[in-house]
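One structure below.
Basis for what follows: all heavy atoms, side chains included, without hydrogens, waters or symmetry-related copies. No experiment lies behind these values; they were computed from the predicted model shown.
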Amino acid sequence: MSFYKWDENLATGIGDIDVQHQMIFVILNNFIEDCLNGKSNEAVRPVLDFLADYVVKHFLIEERYMATYSYPEYPSHKSQHSQFQQDFVKLRGRFTREGATSDFIEALKHSVGDWLKNHIMVVDKALAGFLKTKINPEFKL
């Protein structure tokens with residue numbers, strides 16, 4: 001069952017960005033499914049590990065595109081990335097202190113879910129519109 005659905009309306013047209021966005025949808029949906037099946041404790045660490053990697057690699061790719069093509073919204077977009085990274089560090093620290101409590105699990109689901117709804121679906125789509133005017137969609141940095 002998919003709780004967050006990827007569809008082509010979310011595609012940026014930039015191959016590497018789209019693949020990474022699709023992966024976060026898969027990871028979050030699998031995590032929610034595991035939680036519903038009573039496997040939340042063992043599902044938390046892989047999600048946190050994925051996100052730790054994602055916030056470094058994925059954001060770096062987007063920020064390279066923005067810098068390379070002089071995206072006018074770069075400062076604002078980068079600021080949102082920085083805020084998510086800070087929020088993630090706090091969330092990971094909370095996990096270290098408290099473990100996989102039900103409150104922590106809900107906070108993790110909401111944090112990533114809100115990111116999907118508010119950042120990928122709005123902010124990244126605006127970046128994609130800009131990049132489509134600048135580069136070949138198959139181009140990769």
Side-chain angles (χ1 to χ4, degrees), residues 1-96 98-141:
M1 169 183 279
S2 288
F3 303 94
Y4 291 95
K5 296 193 187 298
W6 171 268
D7 66 47
E8 287 307 308
N9 291 326
L10 299 172
T12 64
I14 311 300
D16 46 354
I17 291 175
D18 284 340
V19 167
Q20 290 176 350
H21 284 170
Q22 289 171 23
M23 182 55 79
I24 201 167
F25 275 75
V26 169
I27 294 294
L28 182 60
N29 283 323
N30 288 345
F31 176 66
I32 293 171
E33 186 73 31
D34 285 345
C35 290
L36 291 173
N37 290 323
K39 300 176 186 173
S40 55
N41 286 340
E42 51 278 16
V44 170
R45 191 165 308 279
V47 170
L48 292 176
D49 291 344
F50 169 81
L51 289 172
D53 187 57
Y54 183 88
V55 299
V56 172
K57 291 180 180 175
H58 178 72
F59 292 171
L60 181 63
I61 289 170
E62 285 187 1
E63 290 167 12
R64 282 185 183 158
Y65 278 118
M66 290 186 277
T68 299
Y69 295 100
S70 302
Y71 183 50
E73 298 301 317
Y74 176 69
S76 172
H77 197 133
K78 182 172 175 48
S79 175
Q80 289 188 26
H81 287 174
S82 296
Q83 185 61 54
F84 185 83
Q85 287 172 309
Q86 290 170 15
D87 293 346
F88 175 72
V89 167
K90 289 177 188 172
L91 200 57
R92 193 155 203 173
R94 181 176 171 187
F95 173 71
T96 300
E98 301 173 12
T101 65
S102 59
D103 286 344
F104 171 81
I105 290 165
E106 286 304 310
L108 179 59
K109 285 192 282 189
H110 288 293
S111 176
V112 178
D114 288 349
W115 183 257
L116 293 177
K117 290 185 282 187
N118 299 321
H119 186 82
I120 293 174
M121 296 179 185
V122 177
V123 178
D124 283 348
K125 287 293 289 182
L127 170 61
F130 173 82
L131 290 176
K132 284 179 186 178
T133 69
K134 302 290 181 187
I135 62 174
N136 177 333
E138 298 304 315
F139 177 80
K140 293 183 182 186
L141 285 175

Acceptor/donor pairs from residues 83-91 side chains to any protein atom, 3.5 angstrom cut, sequence neighbours excluded:
unit_1 : atom_1 : unit_2 : atom_2 : d
Gln83  : NE2    : Asp87  : OD1    : 2.8
Gln85  : NE2    : Val55  : O      : 3.0

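- Nearest heavy atom pair, residue Asp18 against residue Leu10, reads OD1-O, 4.3 Å.
- Thr68 places a side-chain N or O within 3.5 Å of a backbone atom of Arg64 that can act as its donor or acceptor partner.
- Residues forming a salt bridge (Lys or Arg N to Asp or Glu O under 4.0 Å) with Arg92 (at least two apart in sequence, or on another chain): Asp49.
- Under the side-chain contact (heavy atoms from CB on, under 4.5 Å) criterion, Val123 pairs with His77, Gln80, His119, sequence neighbours left out.
- The stretch residues 34-57 participates, sequence neighbours left out, in these ring pair (Phe, Tyr, Trp, His ring centres under 6.0 Å) pairs: Phe50-Tyr54, Tyr54-His58.
- Evaluation of the side-chain contact (heavy atoms from CB on, under 4.5 Å) rule for Asp53 yields Lys57 as partners, not counting sequence neighbours.
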So His81 and Met66, side chain to side chain contact (heavy atoms under 4.5 Å, CB included) or not? Walk me through it. CA-CA 13 Å; His81 287 174; Met66 290 186 277; 4.1 Å; yes
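- Between the Lys125 side chain and the Asn9 main chain, a donor and an acceptor come within less than 3.5 Å of each other.
- In this view, Asp34 and Lys39, Ala43 satisfy the side-chain contact (heavy atoms from CB on, under 4.5 Å) rule, not counting sequence neighbours.
- Remark: Arg94 engages Arg97, Glu98, Asp103, Phe104, Ala107 in a side-chain contact (heavy atoms from CB on, under 4.5 Å) (not counting sequence neighbours).
- A search for salt bridge (Lys or Arg N to Asp or Glu O under 4.0 Å) contacts involving Glu63 returns Lys78, not counting sequence neighbours.
- In this structure, the ring of Trp115 has its center no less than 6.0 angstrom from the ring center of Phe25.
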